[in-house]
Amino acid sequence: MRIRQRYRMRTPSTGREIVVEAEPDQIYLDRETGEELEVVGSLLPLAPTPSELPWTVENLRFCSWCDQLTQKDLNDCPVCGRRMEPLRS
Ligand SMILES: [Zn+2]
């Protein structure tokens, strides 16, 4: 099974960041403003984690330590291994 690379992308005018499954040589546009999205960084491959949540934007948050995206239901960041702050509801 091939896992597509995921990228964090930012809309320049708003600073809003989204996660996109993207091909490296494609250009992606913001759905609302039509701007070209800037690539902020790539995400690590989906290594096996204890989380069952799919990697959709709604289920992700940024680790407060390393600023990488992880699934919301994890207590420990799978990237840096540190305990993340509890989620505010
Ligand atoms: Zn982390």
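Whatever order the structure lists ligands and atoms in, that order sets their numbers, starting from 1. Side chains included, hydrogens not; waters and symmetry mates left out as well; all remaining heavy atoms used.
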**Asked** Quick one: do V40 and M9 end up in the same hydrophobic cluster if we chain Ile, Leu, Val, Met, Phe, Trp and Tyr together by side-chain heavy atoms under 4.5 Å apart?
**Response**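 Different clusters: V40 never reaches M9 through Ile, Leu, Val, Met, Phe, Trp or Tyr contacts under 4.5 Å.
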**Request:** Using a strict 4.0 Å threshold on nitrogen-to-oxygen distance, state whether R10 and D30 make a salt bridge.
**Result:**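 No, R10 and D30 are not salt-bridged.
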**Item:** K72 vs L60 side-chain heavy atoms within contact, under 4.5 Å
**Value:**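 A side-chain contact is absent here, since even the closest heavy-atom pair is not under 4.5 Å.
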**Message:** Using side-chain heavy atoms (C-beta onward) and a distance below 4.5 Å, is D76 in contact with M84?
**Reply:**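 Not touching, per the 4.5 Å side-chain cut-off.
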**Prompt:** Protein N/O/S atoms under 2.8 Å of the Zn ion (ligand 1)?
**Reply:**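 Protein N, O or S atoms closer than 2.8 Å to the Zn ion (ligand 1): C63 SG, C66 SG, C77 SG, C80 SG.
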**Message:** Please evaluate residues L37 and L29 with respect to the criterion side chain to side chain contact (heavy atoms under 4.5 Å, CB included), reporting the C-alpha separation (whole Å), side-chain torsions for both, the decisive distance (0.1 Å), and the verdict.
**Reply:** CA-CA 5 Å; L37 296 176; L29 302 179; 5.9 Å; no
**Request:** Test E35 against S13 for side chain to side chain contact (heavy atoms under 4.5 Å, CB included), laying out the working first.
**Result:** CA-CA 8 Å; E35 287 171 88; S13 67; 2.6 Å; yes
